[in-house]
Structure formats: C-alpha cells, structure tokens
Amino acid sequence: MDFARDLHDFMRDHAKLTESEKPLIVSGTLIALRNKAFTMSYHVYSPEDLQKEWMRVIKEEIQKSEIPRAKKDNMSQPYSSIAVHPELGRATKTYPKGVLYELIKRLNEKVFPFISIYQDFDIVGQFYGEFLKYTGGDKKSLGIVLTPRHVTELFALLANVNKNSKVLDICAGTGGFLISAMHKMMKDTSTEEERDNIKKYGLIGVEQQPNMFALAASNMILRGDGKANLYQGSCFDIAITKAVKAHKCDVGMLNPPFSQGDADFHELYFAKHILDCLEKGATGIVITPMSCAISPHPARVELLKNHTLEAVMSMPDELFYPVGIITCIMVFTAKIPHITSNKKTWFGYWKEDGFVKTKHRGRIDLYERWESIQNRWIEMFRNREIYSGESVMQKVTPDDEWCAEAYMETDYSNLTKDNFVDEVKKYISFKLWINSEQHKENVAFGEWKYFCIGEFFEVKKGRRLTKANMTNGNTPFIGAIDKNNGVSAYIGQQPIFKGNTITVNYDGNGVAEAYYQPVPYWALDSVNVLYPKFNLTPAIAIFLISIIRQEKFRFNYGRKWHMQRMKESMIKLPAKINNEPDWEYMENYIKLLPLGNEI
C-alpha cells in the first residue's frame with residue numbers, strides 16, 4: 001500500500017494518466033511481466049518502441065489465455081489508449097528511458113514477486129481502491145465501491161465454499177469475491193485434477209464496465225484461474241443470464257452498484273437477479289446499503305416471494321471508509337420461498353470488526369483483532385447463536401425492518417450510576433456556561449418494565465432554518481450536534497418549542513443524543529422534540545435522557561431515529577405495581593446523586 005501511494009504520486013506527476021487509466025497500466029504491466037522474454041528485454045527498447053512492445057505483449061498474453069475470442073477483444077481494448085499515451089513514450093531529463101520504463105521497473109521489483117506468494121490477494125483491486133482515495137474516481141458516478149478484502153474473505157466463510165462449489169458474482173468488479181472464494185476452494189483440494197476443475201468450472205463472473213472487466217480478467221490471468229468464465233456486459237442481458245444459469249452455481253456473492261438513479265437498477269434488483277441465476281437451495285450473499293434492509297421497496301416483496309432470508313448482519317459504520325455508507329450483509333437461500341421456509345431470520349449486530357482508521361494507511365487491522373472477531377462471527381452465524389447485544393432471531397415479512405437494531409433488546413447490564421451522573425454534570429455545566437465548568441456501581445433495577453415513548457411523550461419534528469436566514473438574538477437554536485446541550489447558536493427568531501421538553505437527534509452528528517431544554521427554543525428539522533404528557537421535572541428529564549442514550553446503538557446515518565420510529569420505540573423504566581412509570585423514584589434517584597440537587 002505504501003508503494004501504491006508512491007506509484008500514484010509518480011503517475012500523477014510524470015505520467016499524466018487519468019484515474020481510469022492508472023489501474024489499467026498497473027494490470028497491463030503485470031500481465032506483460034508474465035512474458036519472460038519481455039521481462040528480460042524491456043530495458044533495451046527506446047521509450048517509443050517500449051510502448052508498442054508493451055501493448056504487443058499484453059495482446060499476446062491475452063491470446064494465450066483461455067478467454068473466448070470475443071472477450072479477448074473486449075479485454076485488450078481498454079489498454080489501447082495507454083499504448084499511445086504521449087507522456088509514456090517520451091524520454092525526459094529525469095527519466096531518459098521514459099516514464100513507462102520506470103513504471104515497469106518499479107512494478108517488476110515491488111509487485112510482481114508478491115503475486116506468486118499471496119494468491120488470495122486482489123492485487124489490482126488494492127491498487128484501484130488506493131487510487132480511488134485521492135479523487136473519488138468511478139465510485140461517485142457509477143456507484144462502484146470496492147469490497148474490502150476482509151469482507152470478501154468473510155463471504156467465502158459465510159458461504160462455506162469448498163472444492164466442489166461453483167461461485168457466481170454478477171458485479172465482479174476487479175474480482176475480489178472470486179479471488180477470495182478461489183483461495184478457500186483451493187485449500188480444500190488435494191490433487192491437480194481438483195485444482196484444474198476449480199479453474200475451469202468453479203468461478204463465474206460478470207462485469208459491465210469495460211475497464212473494470214479488463215481489471216477482473218487480468219486478475220484472473222495473473223493467477224491462471226477462472227478466466228474462461230468471465231462475461232463482459234450487463235448481468236441483466238438475456239444471453240448472459242442464460243449463459244450464467246447454465247453453470248448451475250450453488251453460491252452467489254454480490255456487491256451491487258450503490259445508489260443508481262434508475263429505479264430498475266436498485267440494489268435489491270441485483271440481489272434478486274443473482275438469486276434467480278443460482279440453483280435451488282444455493283446460498284446467495286449480498287452486501288447492500290442499510291436502506292435496503294429498512295426502507296419499503298417492491299423488490300423486498302419479490303425477494304421473499306421466491307427466496308428465503310436466512311440472515312442479515314449490520315456491518316461497521318465506516319466499513320467502506322473513506323466512502324461514507326452504512327451497510328449490511330444479507331444471506332439468502334435461493335428459490336425456496338420465505339413463507340415456505342416458515343422460519344425466523346437470524347440478525348447479527350456486527351459493528352466492531354477491530355479495524356481502525358489511520359492517517360496514511362486507511363482503515364486497517366492495526367491491533368490484529370480481526371481473525372478472532374471473524375472466527376466468532378462465523379461461529380455465531382453457522383450455529384445461529386443468540387447473545388445479548390450481538391444477535392437475535394425474528395420472523396420478518398417484506399414490510400418489516402431487516403436489521404438487528406430493530407429487534408435486539410437494549411443491554412442495560414452496563415448501566416451504572418456514572419451514566420446518570422454524567423448527564424447531571426453535562427446539564428449543570430451547560431447552566432453554568434449560559435449564566436457566565438469513578439464510580440462503577442450498577443443500577444439496582446428492581447421492577448423495571450418496557451414503555452413506549454409515544455405513551456408519555458408527544459413527539460414533534462423540528463423545523464429547518466438555514467444559516468443565511470438566521471439573525472442574531474437570544475433564542476437557543478438546537479442542532480443535531482453531540483455537545484453543548486444541543487445548542488449550536490443563538491438566534492433572533494422567536495422560539496417555536498416550549499421549555500421543559502427533551503430534544504433527541506434523529507440524524508446528523510450524534511444521532512440519539514438527548515438533552516433537556518429548560519427554556520423556549522428553536523430546533524432544527526433533524527431534531528425531534530419530546531413534549532411530556534406528565535409532570536416533567538429537570539431531574540426526571542435527566543433520568544430519561546440517560547435511558548434514551550442507551551438506544552444509541554440502534555441508529556446511524558443508514559437507520560435514522562425518525563419521528564414515527566421514535567414514537568414506537570420501547571425503553572425500560574422503573575415501574576410501580578400498577579405498571580405505571582415510577583416518576584417519583586426517578587426524581588429521587590437523580591437528586592441523591594452527587595450534584596443532583598444543583599440541576
């Protein structure tokens with residue numbers, strides 16, 4: 001990855017290549033370096049002749065591969081523009097043998113030896129992903145978001161692929177899923193015949209974008225595997241669909257294009273299509289935006305009409321960093337209707353994979369926690385194990401939410417006195433500010449019961465007010481922030497909400513952050529306002545805020561705590577014998593805390 005960053009800078013400064021050309025010159029050069037004669041002789045050519053020889057050798061290597069004739073032309077075409085790029089065939093003072101020579105030399109020394117050792121590594125995909133970080137590249141216009149390597153490996157384990165599997169990916173990208181599947185399949189073999197069988201029949205991919213298809217095919221050529229079963233074109237093309245179905249695949253892996261404008265290309269229609277292309281009883285695994293799991297859509301009806309939803313796993317919020325999208329993994333059994341299966345779906349809350357963001361290396365397994373986390377996840381999934389705060393079983397329909405956040409009980413076991421003390425301190429600090437600054441004891445639950453927020457609060461939605469329209473004044477403006485009691489500004493507009501109410505962010509920074517508002521205010525439209533149907537006091541509000549914050553795990557940019565969902569949300573509170581909330585207990589509990597009488 002360090003080398004990929006250096007190479008990107010070199011190509012930016014000296015090669016003048018476009019973003020789509022950068023990964024192509026890497027993959028094309030790696031293909032050319034497979035040719036021993038070229039590897040031994042590329043240094044003898046003039047800069048202009050080296051360009052021609054580079055293209056000739058790539059075409060020769062493609063012709064040697066087992067890709068059908070029509071696809072060979074498709075694959076070599078994207079390299080043609082690079083073969084005549086003026087900057088590559090020109091000698092410079094710094095690089096008298098030309099920029100292309102320098103690129104070939106660096107890749108030959110730094111990358112090509114790596115390929116034979118790390119057969120499970122998507123080399124081209126890693127370069128492509130690294131280059132995307134700097135400009136956005138195709139990911140914005142085409143919805144292309146390359147799947148992280150540890151996720152492609154996770155898919156292979158979830159599907160439990162073996163030497164007899166036939167794996168399909170209808171949006172193959174650079175081939176990451178196929179490479180991870182191939183690696184696991186190869187580990188299951190003991191004979192050359194079994195390995196040849198995987199190469200010839202085990203991996204089937206479809207990719208529409210010509211440049212991406214070339215990258216996927218080059219990835220396979222570099223390994224000598226699976227190249228006969230790559231199709232270039234739309235996965236929805238009738239002829240391609242027919243050809244794919246003929247392979248009789250029993251595993252499907254898919255990361256569809258995200259957020260396409262055309263309704264016909266919604267992520268769930270890609271999911272439905274790959275399942276339709278698999279054999280009955282096959283396993284189909286798809287990673288999609290969380291919105292696919294929680295928002296109504298006709299495709300959800302079609303999916304469950306024909307296939308069984310086995311499991312859904314909520315993935316880490318920054319899984320695709322630096323692309324900001326919340327995702328989940330869906331696991332289906334193909335061609336067995338959900339109603340026929342008549343069983344519960346397993347939901348996993350897989351929000352912590354051990355990876356951390358670093359300044360120059362992106363999101364990595366810095367502390368080597370991933371292997372143990374992965375093993376636990378796989379064991380949980382295979383055995384459908386249920387753990388508080390981690391997983392739950394639930395029967396669902398197309399109209400229900402398909403995510404763990406909707407069904408897991410809140411884990412109150414870690415609720416301590418500190419949670420309440422912190423809220424008291426925050427509120428007192430806020431009061432001091434507007435006027436002008438451990439203790440681990442578990443809370444004794446006694447008789448606590450679940451109550452619906454809508455039972456004792458009327459939930460209202462804030463109103464949008466842009467900075468351009470704000471005037472200076474003394475009205476607190478409550479924004480969707482996670483500090484300063486939610487106050488992001490003071491404005492001249494009149495308040496639109498009464499004091500002695502609670503604000504809860506349903507979107508933005510700090511979703512599910514809650515604050516008690518003592519005076520009238522204006523709240524932004526990404527904030528919900530809770531109007532009490534009972535005698536609310538500051539102490540009771542602080543108690544409720546501490547409880548509301550326990551629901552934070554359920555919500556994020558992908559699953560917002562919108563007004564209707566908030567009304568229906570259940571929280572656990574101290575209860576009287578008559579099953580009413582024990583407001584007096586809450587009041588006294590807060591007042592007996594350190595600083596409790598100061599609120």
Self-check item: Partner set under side-chain contact (heavy atoms from CB on, under 4.5 Å) for Q51, not counting sequence neighbours
Solution: H85, L88, L100
Quiz item: Quick check: are there more than 12 heavy atoms from other residues, nucleotides or ligands sitting under 6.0 Å from CD of E352?
Solution: yes
Exercise. Decide, yes or no, whether a salt bridge links D276 with K272 under the criterion of side-chain N to carboxylate O below 4.0 Å.
Key: yes
Exercise. Count the heavy atoms of every other residue, nucleotide or ligand shown that sit under 6.0 Å from CD of E48, and state whether that count exceeds 12.
Key: no
Quiz item: Can R5 be said to sit on top of F3's aromatic six-ring, NZ or CZ under 6.0 Å from centre and within 45° of the ring axis?
Solution: no
Quiz item: Can T152 and S180 be said to form a side-chain hydrogen bond (donor to acceptor under 3.5 Å, both in side chains), step by step?
Solution: CA-CA 6 Å; T152 64; S180 289; 2.6 Å; yes
Quiz item: According to the interplanar angle, ranging from 0 to 90°, do the rings of F10 and H14 count as parallel (below 30°), tilted (30 to 60°) or perpendicular (above 60°)?
Solution: tilted
Quiz item: Parallel, tilted or perpendicular: which fits the ring planes of H150 and W370, with parallel below 30° and perpendicular above 60°?
Solution: perpendicular
Under 3.5 Å donor-acceptor pairs involving side-chain atoms of residues 37-44, not counting sequence neighbours:
residue : atom : partner : partner atom : Å
T39     : OG1  : L33     : O            : 2.8
T39     : OG1  : N35     : O            : 3.1
S41     : OG   : A37     : O            : 2.7
H43     : ND1  : M40     : O            : 3.3

Practice problem: Identify whether the distance between the nearest side-chain nitrogen and carboxylate oxygen of E405 and R559 falls below 4.0 Å. | Solution: no
Quiz item: For atom NZ of K344, is the number of surrounding heavy atoms from other residues, nucleotides or ligands below 6.0 Å larger than 12?
Solution: no
Quiz item: Would you find a donor on one side and an acceptor on the other, under 3.5 Å apart, between the side chain of N375 and the backbone of E379?
Solution: no
Quiz item: Under 4.0 Å between a Lys/Arg side-chain N and an Asp/Glu carboxylate O for E318 and K357?
Solution: yes
Quiz item: Heavy atoms, side chains only, cut-off 4.5 Å: are R34 and I221 in contact?
Solution: yes
Quiz prompt | Member of L154, V312, V286 meeting the side-chain contact (heavy atoms from CB on, under 4.5 Å) criterion with I329 | solution = L154
Quiz prompt | Cationic N near anionic O, under 4.0 Å, R195 to E192 | solution = yes
Quiz item: Does K105 come within less than 4.0 Å of E102, counting only side-chain N to carboxylate O?
Solution: no
